[in-house]
Chemist: 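Questions regarding the structure given below will be posed in turn.
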Amino acid sequence: MNIDATSLVRDMGMNAGLLSFLAALYGIAHSSTRHPDRSVTQRRQALLPWVAGLMFGVTGILTMLAPLRLSEGVIVDARLVVAGLAGAYLTPLGALLCAMVLAGYRLGLGGIGSGPAMVGIVLSTGIGWLWQRYRPLFAAHHNKALGDGLWLAGLGLSLAAGGMLAIQTLPSGIARMVTERTWLAVSLIYPVGAILLGYLLDNVHQLRQREESLERTAEQLKTLLAEARQAASVFFNSKDTIAILQPDGTVLDVNPTYCAVLGYTREELIGKSSAVLRVDEGGETTFLRRVAQALERDGRWHGELVRRRKNGEAFVSEVTIEGVLDPDGTVRSWVSVGKDVTEQRRLELALQQFGNYDALTGLPSRRLFTKELNATLRDSGEANTMLALCVLDIDQFKGLNDRWGPLIADRFLRVFAQRLKKETGADHLIGRIGGDEFAVVLPHCPNADTALQRLENMRQALAQTVTLDANEVRLTCSAGVTFYPDDPADADGLLRHADLALYAAKEQGKDRTVVFDIQQGQRRQARRQSAKLVEEALQRGEMELFFQPKIRIADGQVIGAESLIRWRHPERGLLAPGAFLEDIAGTPVANLLDYWVLGAAFQAGQTLVSQGLPLSLSINLTVSTLIDSRFQLKVAQLLEQHPALPAQFLEVELLETETFNDLSAVAYVIQGLDALGIQCAIDDFGTGYSSLTYLQRLPAQIVKIDQSFVRDMLVNERDRTLVRGIVSLARAFERQVIAEGVETMAHAEALRGMGCDTLQGYGIARPMPLQDLIPWVRNWQPPPELRRIGHGD
């Protein structure tokens, strides 16, 4: 069937008209999404891809109702333009919906062109989608209209090429005939239709963008108006004083609170300089320059000003000043916000006075005294002069308080303080640093002897009789003194050192002056440093237990081991306890170490049990740890956590010399440990002065003979006699006996003859780590000499 050119142009023109109609509908659909209620707008916008996709699809169907029929089943129309523009302008969902509508309708028509039509629809939609992705490249063109035109022309030509490509999927004869009949019309109408509809769609989008921009501007204006109203409300109703100033200090406006606080009317302040409202140091110019510099550097100035009311009264105001920026970024005005803090500062000053001065005596408190002492030390260092610090404590003051009551005691303290002021003079620093402790500083001392003489005269004068309620009271005082810079400590350190000297004066009988021993203090400092290092070593896991086996003399079998601590020092290597235990004796670190040894011994015992070696272990403890209320609870807890350990697994060894002052407490704890199955041993027995007393009063089950006696017993008759006496004494009290320092089998034979139970020493084995103890015990064979001893040969 032949179609003349007029009919072809007419049909294509009708398709172009449909495309224009589509643009109008698309604009209406976009406009209908607008609604005052934002939630309604959002719901409509969510439906827009579906509506637009159906709209494009239906328009594509309408273009097929006015087709150009070239042969039976071969239809050429503008649907591919619709599909391409759907891909170029709609969301993927809308484009897909349009393509599905077009494809479904075209398949319903049937014919040999159905397959190529599907190819054309899919290809055109994909071409449109690609051009949509790369449109920003054209939009970046400096001439936007030219960039948009090039993009639309390229899209139209691409759709024409895609349509012609789809025609080539027809049978070759028909494809050639269709191509010859349609190439000119397709090449003209597709680009023109794409440009026409694209231009209309672009206008729809631009109109929509302008509407949205206007809506955003309106919202911003509403927000700004609301903020302005809120700011005005804050300005007029704020309880803080608010003033708007020019950078030269001229008042532009003030709020009602500002007027009420300063006593001026608004008309009296506007246009005036703020200088009349302040009591400035350095003048108006200096203040304004300081504020301007702070605004430029930090964006704000904050501080306190002394302001003057209209009646002349001055008050303290805490003020924050911020700059107000014009649209060009220039600071044209300042906003000053302040509040009256006069009462708050007065209260703080009163609290500061309360914290810095003793309420009873009026003397500086310890805090203020320490602060002023540090300042005095700096001056003394610069002048290269000696300074004496004396700490005084009233002797028998507790007895005065108990006998006469706190009122009389307080009166005595006031009298004492008054005398101290009188004796030291106004130029000297004095303070009350404790209940009945006072401190005096003598600066610029010519030498120590002169200072001591002055302090002694002062101390004697303070001990004069006082009459209180017809009662004569005379109390002496003790004093501790230290000298700077011989004692190069800071204020806190000097006070501690003077306190130590004061305690020494108390111990020596009171009513005397003692000078701080710097070398003794250095030794204390060294001990504190050693204790700190040991504590850090514990935290780093540098401590380790070594074990020295114990042999039962009856059969030569291993029955246990003594746990001995070692320090694997990162620089000094393996350290024996003698290198550090003495330095921490009496410190909390010693107790920490004891508890660590206790826990490590239980872990080692668990390891031995897992290896089939259920040995008992002994540990060395300080008495202070033993009588600690937590110790028995800790032992019971560990026993409960390690049920596999053998009965009487743990032995606790105590130094004989350490138990002397705590016999009752130690005996009580030993009884409690015995109830838990823990045996106790008196270590280094024979080195103390009351060995018989220990055996009588301490229920310890084991006595360990000090190795110094055992080592020389074969060559020293006195030591041999002493060891025999200790064994006999222990037997009389039914105690087991362990001999330390066994270095040869001759020692073992002599001890067996005396009735000793257990041997320990280098002749058996040296202390070793746990990983070495396990194979040693497994491989241990009693030497023939020891077996003969055991059998009484």
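These values consider heavy atoms only, across backbone and side chains, with no hydrogens, waters or symmetry-generated copies.
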Chemist: Do V337 and T241 come within less than 4.5 Å of each other through their side chains, counting heavy atoms only?
Modeler: no
Chemist: Quick one: list whatever passes ring-ring contact (aromatic ring centres under 6.0 Å, His included) with F412, sequence neighbours left out.
Modeler: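 With neighbours one apart ignored, the set is empty.
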Chemist: Could you tell me which non-hydrogen atom of A501 sits nearest to which non-hydrogen atom of G480, and how far apart they are?
Modeler: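 Reported closest heavy-atom pair: CB-CA, 3.7 Å.
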Chemist: If the condition is salt bridge (Lys or Arg N to Asp or Glu O under 4.0 Å), which residues does D393 pass it with, not counting sequence neighbours?
Modeler: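 Testing D393 for salt bridge (Lys or Arg N to Asp or Glu O under 4.0 Å), a comparison that skips the adjacent residues, returns K506.
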Chemist: When rounded to the nearest 0.5 angstrom, what is the spacing between CZ in R419 and CZ in R414?
Modeler: 14.5 Å
Chemist: Using side-chain heavy atoms (C-beta onward) and a distance below 4.5 Å, is E437 in contact with L502?
Modeler: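 Touching, per the 4.5 Å side-chain cut-off.
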Chemist: When rounded to the nearest 0.5 angstrom, what is the spacing between CG in D436 and CG in N401?
Modeler: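 Going from CG on D436 over to CG on N401, the span is 9.5 Å.
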Chemist: Quick one: are D486 and M386 in side-chain contact, heavy atoms under 4.5 Å?
Modeler: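 Heavy-atom side-chain distance check passes, below 4.5 Å.
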Chemist: What is the distance from atom CD1 of I433 to atom OG1 of T370, rounded to the nearest 0.5 Å?
Modeler: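 Going from the CD1 atom of I433 to the OG1 atom of T370 covers 8.0 Å.
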Chemist: Nearest heavy-atom pair of A491 and L377: which atoms, and what distance?
Modeler: N-CD1, 3.7 Å
Chemist: Is there a side-chain contact between L269 and Y258 (heavy atoms, below 4.5 Å)?
Modeler: yes
Chemist: Without placing hydrogens or testing angles, list every side-chain donor-acceptor pair under 3.5 Å for residues 311-321, not counting sequence neighbours.
Modeler:
{"residue": "N311", "atom": "OD1", "partner": "E313", "partner atom": "N", "Å": "3.0"}
{"residue": "S317", "atom": "OG", "partner": "K339", "partner atom": "O", "Å": "3.4"}
{"residue": "E318", "atom": "OE2", "partner": "H302", "partner atom": "NE2", "Å": "3.2"}
{"residue": "T320", "atom": "OG1", "partner": "H302", "partner atom": "ND1", "Å": "2.7"}

Chemist: Identify the residue among L387, T385, L389 that makes a side chain to side chain contact (heavy atoms under 4.5 Å, CB included) with Y484.
Modeler: L387
Chemist: Mind listing the closest non-hydrogen atom pair of G323 and L295 along with its distance?
Modeler: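 Heavy atoms only, the tightest pair is N-CD2, 3.8 Å.
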Chemist: Nearest 0.5 Å, please: how far is CZ in R297 from CD in Q293?
Modeler: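 Going from the CD atom of Q293 to the CZ atom of R297 covers 7.0 Å.
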Chemist: Report the residues that fulfil salt bridge (Lys or Arg N to Asp or Glu O under 4.0 Å) with D253, sequence neighbours left out, ordered by chain and then residue number.
Modeler: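 D253 satisfies salt bridge (Lys or Arg N to Asp or Glu O under 4.0 Å) with R266 only.
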Chemist: Look at R309 together with D340 and state whether they make a salt bridge at an N to O cut-off of under 4.0 Å.
Modeler: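 A salt bridge links R309 with D340.
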Chemist: State, yes or no, whether a side-chain contact exists between D240 and T257 at a heavy-atom distance under 4.5 Å.
Modeler: no
Chemist: Can you tell me how far the CD1 atom of I394 sits from the CG atom of L475, to the nearest 0.5 Å?
Modeler: 7.0 Å
Chemist: Name all residues meeting the ring-ring contact (aromatic ring centres under 6.0 Å, His included) criterion together with F369; count only those two or more places apart in sequence or in a different chain, and write none if there are none.
Modeler: none
Chemist: For E536, what residues pass the salt bridge (Lys or Arg N to Asp or Glu O under 4.0 Å) criterion, not counting sequence neighbours?
Modeler: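 With neighbours one apart ignored, the set is R540.
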Chemist: Which residues pass the side-chain contact (heavy atoms from CB on, under 4.5 Å) test with A479, not counting sequence neighbours?
Modeler: C390, L392, R459, T513
Chemist: R432 versus L413: any side-chain heavy-atom pair under 4.5 Å?
Modeler: yes
Chemist: So, using side chain to side chain donor-acceptor pair (under 3.5 Å) as the criterion, who are the partners of K310 when residues are at least two apart?
Modeler: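 E268.
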Chemist: May I ask you to test the F516-D487 pair for a side-chain heavy-atom distance under 4.5 Å?
Modeler: yes
Chemist: Knowing that exactly one of T482, L495, L494 qualifies, which makes a side chain to side chain contact (heavy atoms under 4.5 Å, CB included) with V391?
Modeler: L495
Chemist: Whether the side chain of D358 engages the backbone of L363 through a donor-acceptor N/O pair (distance < 3.5 Å, no angle test) should be reported.
Modeler: no
Chemist: Run the ring-ring contact (aromatic ring centres under 6.0 Å, His included) test against W301 and tell me which residues pass, sequence neighbours left out.
Modeler: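 Result, ring-ring contact (aromatic ring centres under 6.0 Å, His included) vs W301: F287.
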Chemist: Between atom OG1 of T450 and atom CG of L442, what is the distance when rounded to the nearest 0.5 Å?
Modeler: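 Rounded to the nearest 0.5 Å, the OG1-CG separation comes out at 11.0 Å.
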Chemist: If you take all heavy atoms of S336 and L245, which pair is closest and at what distance?
Modeler: CB-CD1, 4.3 Å
Chemist: Classify the side-chain pair D379/T376 by whether it contains a donor and acceptor separated by less than 3.5 Å.
Modeler: no
Chemist: Just jot down the side chain to side chain donor-acceptor pair (under 3.5 Å) partners of R411, sequence neighbours excluded, or say none.
Modeler: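 R411: side chain to side chain donor-acceptor pair (under 3.5 Å) contacts with D469.
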Chemist: Listed by chain and number, what are the side-chain contact (heavy atoms from CB on, under 4.5 Å) partners of L252, not counting sequence neighbours?
Modeler: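 L252: side-chain contact (heavy atoms from CB on, under 4.5 Å) contacts with I244, Q246, S333.
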Chemist: Indicate yes or no: at least one non-hydrogen side-chain atom of F483 is less than 4.5 angstrom from one of V515.
Modeler: yes
Chemist: Of all residues at least two apart in sequence or in a different chain, which pass the salt bridge (Lys or Arg N to Asp or Glu O under 4.0 Å) check with R496?
Modeler: none
Chemist: With side-chain contact (heavy atoms from CB on, under 4.5 Å) as the criterion, how do V254 and I242 come out once you've worked through the C-alpha distance, each side chain's angles and the decisive distance to 0.1 Å?
Modeler: CA-CA 6 Å; V254 293; I242 303 177; over 6 Å; no
Chemist: What are the two closest heavy atoms between A417 and F438, and how far apart are they?
Modeler: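 Here A417 and F438 meet closest at CB-CE2, 4.3 Å.
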